[in-house]
Amino acid sequence: MTSNVRITDSTLRDMDRSSIVQGYAGVYSSFLLHAQRAAERYGGPAHEILQRVGEASYVGGQEDMIIDVALQLQQDRDMAAGARP
Amino acid sequence: MSKATAAIVGPGNIGTDLLAKLQRSDQVEVRYMVGVDPASDGLDRARARGVEASAGGVDWLLDRAELPDLVFEATSARAHLANAPRYAEAGIQAIDLTPAAAGPLVCPPVNLHEHLDAPNLNMITCGGQATIPMVHAVSRATPVPYAEIVASIASRSAGPGTRANIDEFTTTTTRAIEQVGGAGRGKAIIILNPVDPPMIMRDTVFCAISPDADTTAITESVLAMTETVARYVPGYTLRAEPQFDPPGDTWSGWARVAIFLEVRGNGDYLPSWAGNLDIMTAAAAQVGTLLAGPLPAGPSRADAAGPRTSSAGAGASGVTA
């Protein structure tokens, strides 16, 4: 993960599900790396976090809510796993 | 048994919500609502609730035959700085809900007991009232060299007074994180989110802590403080247990605890998403109640001859109404 992002072949190759969902859900661009970090920390795919962040219409500055969303998704998964027979 | 009398100056979002809360109080009676705009809806709402209301400003208030014991200022920092000396001169103890910070910074569960005598008490900010109890909860368990808070509120809940005071919000909250919360260095961020339907107030507290800090003690302290605050703000909840992270690359060797809060309002004036109103007005009402003193016992106002002489604030300034 580099902080000095330029449009290179590798950036274009990184056009993955997360970045596409981010555009679809209308999420502020700098949230992508935060969502990837939160996905690593709490498990689950980054695109799911971005989808929820978009649905909540969080704005730039609310990066803290990305962790909150990742936590809620983790709780949802735990609950679903617990409810399974 | 007589109640302490009060005036609310500033009939906006905060003043109106505060009126609803104080009208349920056994210890404080709101006598006057004061504004400057005759067309203000807030003055009409106060009249509908049986409170004498005027657009004549502080001049009108200080001309009353019976001055209140307490004045709650819900205008703006600039207005309060102009009004504060006049209240002091009249011997009226002021509870300041603007970020003017003319008097000591007060967060009821942390330091109110130290300032009951002050002629002017500052309620910091809505974000401060939500987050400083948590900074304090962490710093009483382990040293906190740095604390950062993010307060997100619905745009609709921020009236003209709040918007005029965004800079004051950040500086006053920052100072309170350090002085009241006990962090070495503080930082405060406020976000107005325009989403519709409006978002419920959210607050996040990040504290730098030692990598070998006692996480169990911190969690217990945070949970205990959440209960304390929830006693006067029932909608104050933790979204999850405190989250601990090991030192990151750019954290100068410090580990981090993150605390995620939601503040759901009582819906007294604005709907429940405006928790930022509640946390501020509930804290101010709590202060008013404690300043008014216990009803049945103690050196109560009822023992005193005048409306002001029993209050510690009057004792400190030597002035009575």
Side-chain angles (χ1 to χ4, degrees), chain A residues 1-5 14 18 21-83, chain B residues 127 130-131 134-135 147-156 158 166 169-170 173 187-207 219 222 237-251 255-264 273 276:
Chain A
M1 242 178 266
T2 155
S3 57
N4 192 9
V5 179
D14 285 347
S18 287
V21 169
Q22 175 169 39
Y24 168 73
V27 174
Y28 184 51
S29 62
S30 80
F31 280 15
L32 181 61
L33 294 183
H34 292 273
Q36 284 169 351
R37 259 179 242 146
E40 257 171 58
R41 165 81 163 79
Y42 292 102
H47 67 79
E48 247 181 62
I49 297 174
L50 290 162
Q51 173 87 34
R52 287 269 193 115
V53 166
E55 285 162 2
S57 298
Y58 289 135
V59 299
Q62 289 188 288
E63 282 84 345
D64 54 317
M65 289 296 108
I66 297 170
I67 306 175
D68 181 76
V69 165
L71 264 165
Q72 299 304 316
L73 286 169
Q74 186 193 44
Q75 284 174 10
D76 292 352
R77 281 195 305 275
D78 290 352
M79 214 180 282
Chain B
T131 57
M134 290 299 141
V135 176
E148 179 176 313
I149 72 101
V150 187
S152 299
I153 65 172
S155 291
R156 169 68 183 82
I166 299 293
F169 174 98
T170 40
T173 310
K187 178 171 183 167
I189 297 165
I190 183 169
I191 310 272
L192 305 191
N193 185 314
V195 66
D196 194 33
M199 61 171 286
I200 293 172
M201 186 198 200
R202 297 296 313 271
D203 296 275
T204 304
V205 179
F206 296 109
C207 293
T219 299
V222 165
T237 49
L238 278 180
R239 292 271 290 178
E241 293 232 321
Q243 299 293 306
F244 295 94
D245 285 284
D249 293 343
T250 55
W251 297 354
R256 182 182 84 180
V257 55
I259 299 161
F260 296 90
L261 298 158
E262 178 175 282
V263 186
R264 194 176 282 270
W273 40 260
N276 47 308

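Chain naming here is simple, since letters A, B, ... match the order of the sequence lines and numbering starts at 1 in each.
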(message) Need one label for B/Arg202: side chain, backbone, both or neither, based on atoms under 4.5 Å from any heavy atom in chain A.
(response) side chain
(request) For residues B/Arg239 and A/Gln75, report the shortest heavy-atom separation together with the two atoms involved. (result) O-NE2, 3.8 Å
(message) Are there over 12 heavy-atom neighbours, none belonging to A/Tyr42, within less than 6.0 Å of that residue's OH?
(response) yes
(message) Working to the nearest 0.5 angstrom, can you tell me the gap between A/Gln62 CD and B/Thr204 OG1?
(response) 9.0 Å
(message) If you compare all heavy atoms of A/Leu71 against all heavy atoms of B/Ala240, which two are closest, and at what distance to 0.1 Å?
(response) CD1-CB, 4.0 Å
(message) If we define contacts as heavy-atom pairs under 4.5 Å, which of A/Val59, A/Ile67, A/Asp68 has the most with chain B?
(response) A/Asp68
(message) To the closest 0.5 Å, what do you measure between CD (A/Glu63) and CD1 (B/Ile189)?
(response) 8.5 Å
(request) For A/Ser57 and B/Asn193, work out which heavy atoms get closest and say how close. (result) O-ND2, 3.1 Å
(message) Counting C-beta onward and ignoring hydrogens, is there a side-chain heavy-atom pair between A/Asp64 and B/Phe206 closer than 4.5 Å?
(response) yes
